[in-house]
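Here is the naming used below: chain letters follow the sequence lines, and residue numbers restart at 1 for every chain. Any value given below was found using the heavy atoms of this structure, including those in side chains, with hydrogens, waters and symmetry copies removed.
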Amino acid sequence: MSSVIRKWAVTALMAVSSTALFAQNPAAGGNNAAPANQGDSRRILRVDITGGISQPMPIAIPVMPTPNSVTTLAGTTAVLGRQVASVISNDLKSSGLFSPSQQASLHNVSFPEVTAPQYGYWLSSGAQALVQGFVQANGDGTLTVGCYLYDVFASQEMLHKGFVVKPADWRRAAHRCADAVYTRLTGEGPYFDSRIVYISETGPKNHRLKRLAIMDQDGANHRFLTNGQSMVLTPRFAPNQQTVTYLSYVDNAPRIYVYTLGSGHVRSVVNKPNTTFAPRFSPDGKTIVFSMSVAGNADIYKVPVSGGQATRLTTSPGIDTAPSFSPDGSKIVFESDRSGSQQIYVMNADGSNQNRISFGSGRYATPVWSPRGDLIAFTKLGGGFHVGVMKTDGSGEQILTNGWQDEGPSWSPNGRVIAFFRTARNSGHTELWSVDLTGVNERHIPTPLDGSDPSWGPLLP
Amino acid sequence: MKGILGGTGTSSKPQGSAISGPALNGLGAAIKRQVQPCYDLGALGGTDAMRIITVLRLRFNQDGSVNGTPEMIEQTGLTSDNRSYARQMAEISRRAVLRCAPLHLPAELYKGGWDEIDIGFIPAQMH
């Protein structure tokens, strides 16, 4: 899909105009390039190029050399140089915005060449951008990964950075280099150096084992966090990524909990006998907003993360659920069936000023506010389940996926990509996928078992 | 001072130049035809960056290669939503020219014609 070429209008009239030029500099380097009619009266031809094409940028990411191959806890620096280049290449390719050259076809870059690229060679290779770097073992047991980006046509360096990491964290250095390149070339925020928590599923439909699991955004460094004794659903990362809140059926009672990543410690959040569900952290990490069912009526509440008194925010009959804060913490988007069908509503964080924003055909669920604040992702129900986005006033609805059952959107840290899960029509198998805001670039995120309910964490510190 | 040249009238003819309006229009068409395929918006296609208009001033050698560094003389259409793309849009415009150079243009129209030109890059809406 990444090779899809989008064409923009080229139909507008070519405009040829003249621009008066006053006190213009003499033509540079012009033995015979200087116009004959220089001076105040000189007019310069103007040509307007209207429209253009948009295709993945050809980019070369050759193996990163090492000044001296040294064995580290993660392998030799020579091998790491190959692996770092591969991770950067995979990250950029996965965005759908870049077309990395086959690594094996590229020439071996020497260590001195890292800072003095052979532009002629790279120009002839077809690459428009070039990422070079090195992996060097430092005397103190750490590694330095050098990361350089060059504009091949302009023969210019665009950025250079160095990342010092423990050998075990070499993938993070690669992700951070990829983030730097992505940000420099696209103007978008970074997102590769981030993790996803999700629900790992296995076993027959009527006896699914559902465990909390965590991995890098590309599926690497996967590990299970819970053993599956109690079913776990709807995990949500805390902004500081130290904790995860989720719904679990401990003793068959659905309640929300907070799990601490380092220690594995689990604690209940709301000290009530009622069913609580759909938890999510506030942007400052101090509050959890959730649903609580009282006498069959589910409303939205908030409670300090440390525990204490829950504050009721909605009072309507019916089910109010799936609350999600705006990034500035001032508003909450949620779903409610108060109108007779599931729709999306926005209210102030104190529960005031509740307004419906979705009015399209079908029903809407699981709204999530973008970290950029400009869009709300949702699951559209009706004729299957599809993931879409709309502006925060409900306008500009756009459906991004067309699987049989796509649901549970979660935003990447830069608000440019959405993770979701896809259920296969016949087998019922679930997989994690991501899609960008154009809806063109879908990516399968590999998991060892079935996966559902992804929650994409913020950029790692 | 800017104006669209329609191929008629004196405004279509650079002052002090012997190049006729029709010749100038033909020259503009040739430049557009050669640069257009290299105007690749890449990652920024379909984003708010499409509202940014970039104008470069370019000097050419007689063999059609770019002389010196393209200079951005104007950038308009910037908003709070697309300001972060401004640098990238300028670079994309520059890349378009460098990628398609050398341009193949009539030698007789070089002086006072295409020895120095402005190219406006105007992204349009996706069809």
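Contact annotation: the side chain of B:Val55 never approaches that of B:Thr76 to less than 4.5 Å [non-hydrogen atoms, C-beta and beyond]. Looking at heavy atoms from C-beta onward, A:Lys391 lies in side-chain contact with A:Leu375 at the 4.5 angstrom threshold.
Classified by interplanar angle (parallel below 30°, tilted 30° to 60°, perpendicular above 60°), the ring pair B:Trp114/B:Tyr110 is perpendicular.
Between chain B and the options A:Val152, A:Leu437, A:Thr186, the largest number of non-hydrogen pairs under 4.5 Å is found for A:Thr186. Between chain A and the options B:Ile119, B:Val35, B:Asp40, heavy-atom pairs under 4.5 Å are most frequent for B:Asp40.
Other residues, nucleotides and ligands contribute only 12 or fewer heavy atoms inside 6.0 Å of the CD atom of A:Gln102.
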Show the numbers, then the answer: is there a side chain to side chain contact (heavy atoms under 4.5 Å, CB included) between A:Thr392 and A:Trp369?
CA-CA 8 Å; A:Thr392 57; A:Trp369 216 301; 3.4 Å; yes

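Proximity to chain A is absent for every atom of B:Arg83, based on heavy atoms less than 4.5 angstrom apart. For B:Pro37, the part lying near chain A is the backbone, with the side chain staying farther off; criterion is any non-hydrogen pair under 4.5 Å. Looking at A:Arg184, the atoms closer than 4.5 Å to chain B (heavy atoms on both sides) sit in the backbone and in the side chain alike. For B:Arg99, the parts lying near chain A are the backbone and the side chain together; criterion is any non-hydrogen pair under 4.5 Å. Interface residue A:Thr183: only backbone heavy atoms are found under 4.5 Å from chain B. Only the side chain of A:Asp151 comes within less than 4.5 Å of a heavy atom in chain B; its backbone stays farther off.
At distances below 3.5 Å, not a single donor-acceptor pair connects side-chain atoms of A:Asp179 with backbone N or O atoms of A:Tyr182.
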